Amino acid sequence: MSAVSSRLPVFPWDKLEPYKKTAAAHPDGIVDLSVGTPVDPVPELIRRALVDAADSPGYPTVWGTAALRDAVTGWCERRLGARGLAHTNVLPVVGSKELVAWLPTQLGLGPGDKVAYPRLAYPTYEVGARLAGAEPVVYDDPTELDPAGLRLLWLNSPSNPTGRVLGKDELTRIVAWAREHGVLVFSDECYLELGWEAEPVSVLHEDVCGGSYEGVVAVHSLSKRSNLAGYRAAFVAGDQDVLGELLRIRKHGGMMTPAPVQAATVAALGDDAHVREQRERYARRRDALRTALVGHGFRIEHSEASLYLWATRDEPCWDTVGHLADLGVLVAPGDFYGAAGERFVRVAFTATDERVEAAVKRLG
């Protein structure tokens, strides 16, 4: 029996452990700006919805409740500019990482098929391709790819790790090219509500997709916007034929979002106030860390959206990681996201106000 794990790269975060130990030895403790996990409380109205739905002894459905589908379609129309979405255009998933990792397999891709993603990208796009036995392909501009054998095109705007935002015209051009060549587009938009110096746009916006969802699907998560990383609450929206096929497959696989989490998601998508409050927290932390990093000799590139600063001292990324670890600050090396990031680090601003303040003092 061959190990499936042999197809995969080394889990990147394991490489960071020695630097984490160094940073943790700082007299005032570690400031962990590496993973980007939410640290602020889950909003009360979401916790209340979860508790109220705690008595859920029966199996949930893979497609979710009608209330959940109403909440998703309503939010997509209100926030993304999507028009005319029906329940058949949406599907809840058990966190977006699960979807990214298993999508090529669930689409039936395999040897001879290609999966494309940005040259600097979330590592799970590559993992998903390799799990399916498909060929991973990186791009700078997807419309310059050879479309032969290209079955799945990942977009990521705002980008993890760089924070780069694809403009409406660029998205429209890419979607048109993909449709011309019969390439399915999945757009990872999990940071869409965290634009700072640009206003992110969804592929579902009617100006981008022309009011048709054929060949396009958007991926969204509540982990960052609502501090629900621990809930594994996410969804996809778009092409009903693609989502219908995924629904049939996922029913067989038992890929069900727990009923209390479905209820919490309904509450979260129906409230914009808590998102504004969280944005304000992140904006303060972002400004403080950006100023401190620039003052310490860093250059910040892109970073117009998302929860990260893409920073460089024009040296190998692991030298930068080591330098900051000596100050008790842990960041992610840029080469986790591709060879093009080998002179950058990704700095998350998801730590508490107290820890961000500690980092600012150390950088000063």
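The model shown is predicted, which means the values in this text are computed figures rather than measured ones.
- V100 is not connected to W102 by any chain of hydrophobic side-chain contacts under 4.5 Å among Ile, Leu, Val, Met, Phe, Trp and Tyr, and they are in different clusters.
- Using modelled atom types, no side-chain atom of W75 and backbone atom of V266 make a donor-acceptor pair closer than 3.5 Å.
- Applying the salt bridge (Lys or Arg N to Asp or Glu O under 4.0 Å) test to E301 and every residue at least two apart in sequence or in another chain returns R299.
- For the pair T73 (side chain) and H87 (backbone), a donor-acceptor distance under 3.5 Å is absent.
- Side-chain contact check for Q106 versus M255: some heavy-atom pair is nearer than 4.5 Å.
- With contacts defined as side-chain heavy-atom distances shorter than 4.5 Å, the pair V94/M256 does not qualify.
- Judged by distance alone, with hydrogens and angles left aside, the side-chain atoms of Q278 form no donor-acceptor pair with the main-chain N or O of P43 at under 3.5 Å.
- Between L68 and F235, the closest side-chain pair of non-hydrogen atoms is not below 4.5 Å.
- Applying the side-chain hydrogen bond (donor to acceptor under 3.5 Å, both in side chains) test to E304 and every residue at least two apart in sequence or in another chain returns nothing.
- For R69 (side chain) and G64 (main-chain N/O), a donor-acceptor pair under 3.5 Å exists by modelled atom type.
- Taken from CZ in R276 to CZ in R281, the straight-line distance is 13.0 Å, to the nearest 0.5 Å.
- Contact annotation: the side chain of P158 approaches that of V165 to within less than 4.5 Å [non-hydrogen atoms, C-beta and beyond].
- Closest heavy-atom contact between A49 and A267: CB-CB, 3.7 Å.
- When hydrophobic clusters are built by joining Ile, Leu, Val, Met, Phe, Trp and Tyr residues whose side-chain heavy atoms come closer than 4.5 Å, directly or via intermediates, V217 is not grouped with V175.
- Placement of W196 and L166 in two distinct hydrophobic clusters is found when ILVMFWY residues are connected by side-chain heavy-atom separations under 4.5 Å, directly or transitively.
- Between the side chains of R164 and H302, no donor-acceptor pair is found at a separation under 3.5 Å.
- No side-chain heavy atom of Y139 sits less than 4.5 Å from a side-chain heavy atom of R119.
- Following chains of ILVMFWY side-chain contacts shorter than 4.5 Å, one can reach L327 starting from V356, so the two form part of one hydrophobic cluster.
- Judged by distance alone, the side chain of D335 and the main-chain N or O of G341 form no donor-acceptor pair under 3.5 Å.
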Point to revise | L120 vs S159, side-chain contact (heavy atoms from CB on, under 4.5 Å): CA-CA, chis, key distance, verdict | key: CA-CA 9 Å; L120 280 167; S159 164; 5.8 Å; no

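- Side-chain contact check for Y282 versus S306: every heavy-atom pair is 4.5 Å or farther apart.
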Exercise for review: Start with the C-alpha distance between R47 and L50, add both sets of side-chain angles, then the distance that settles side-chain contact (heavy atoms from CB on, under 4.5 Å), and finish with yes or no.
Suggested key: CA-CA 5 Å; R47 282 185 279 166; L50 184 83; 5.5 Å; no

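- A salt bridge between R250 and E98 is present, with a side-chain N of the basic residue lying under 4.0 Å from a carboxylate O of the acidic one.
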Review point. Going through the distances and angles, do Y231 and L222 end up as a side-chain contact (heavy atoms from CB on, under 4.5 Å)?
Key: CA-CA 9 Å; Y231 284 43; L222 282 76; over 6 Å; no

N/O donor-acceptor pairs under 3.5 Å from side chains in residues 144-155, not counting sequence neighbours:
from: D146; atom 1: OD1; to: A148; atom 2: N; distance (Å): 3.0
from: R151; atom 1: NH1; to: D113; atom 2: OD1; distance (Å): 3.2
from: R151; atom 1: NH1; to: D113; atom 2: OD2; distance (Å): 3.4

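- Under the 3.5 Å distance criterion, the side-chain polar atoms of N160 are left unmatched by any main-chain donor or acceptor of T162.
- In this structure, a donor-acceptor pair under 3.5 Å is present between the side chains of D188 and Y125.
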Review point. Given the rule in the side-chain contact (heavy atoms from CB on, under 4.5 Å) test, do R179 and V216 qualify, once you have shown the distances and angles that lead to the verdict?
Key: CA-CA 9 Å; R179 284 174 167 167; V216 293; 4.1 Å; yes

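- Rounding to the nearest 0.5 Å gives a distance of 6.5 Å between CZ of R232 and OG of S221.
- What you find for G36 and K224 is that their closest heavy atoms are O-CE, 3.6 Å.
- Looking at E17 and K21, no side-chain N of the basic residue comes within less than 4.0 Å of a carboxylate O on the acidic one, giving no salt bridge.
- In this structure, V201 and L192 approach most closely via the heavy-atom pair C-CD1, 3.9 Å.
- You'll find the side chain of V72 stays beyond 4.5 Å of the side chain of H220, heavy atoms only.
- In the hydrophobic cluster analysis, where Ile, Leu, Val, Met, Phe, Trp and Tyr join through side-chain heavy atoms closer than 4.5 angstrom, Y117 is grouped apart from W177.
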Cut-off 3.5 Å, no hydrogens considered: what does the side-chain donor-acceptor table look like for residues 204-212, sequence neighbours left out?
from: H205; atom 1: ND1; to: D207; atom 2: N; distance (Å): 3.0
from: D207; atom 1: OD2; to: K168; atom 2: NZ; distance (Å): 3.1
from: S212; atom 1: OG; to: E214; atom 2: N; distance (Å): 3.2

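- In this structure, the side chain of T312 engages the main chain of R343 through a donor-acceptor pair within 3.5 Å.
- Legend: side-chain hydrogen bond (donor to acceptor under 3.5 Å, both in side chains) pairs involving residues 251-272, not counting sequence neighbours, sorted by first then second residue: R78-D272, D271-H274.
- Nearest heavy atom pair, residue S96 against residue C190, reads OG-SG, 3.7 Å.
- Judged as a ring pair (Phe, Tyr, Trp, His ring centres under 6.0 Å), the pairs with a partner in residues 18-49 (not counting sequence neighbours) are, in order, Y19-W318.
- Listed for the R355 side chain is no donor-acceptor partner under 3.5 Å among the backbone atoms of D32.
- For D55, the CG atom counts as loosely surrounded, since its 6.0 Å shell holds 12 or fewer non-hydrogen atoms of other residues, nucleotides or ligands.
- Looking at heavy atoms from C-beta onward, Y122 lies in side-chain contact with K97 at the 4.5 angstrom threshold.
- The aromatic ring centres of Y308 and Y191 sit less than 6.0 Å apart.
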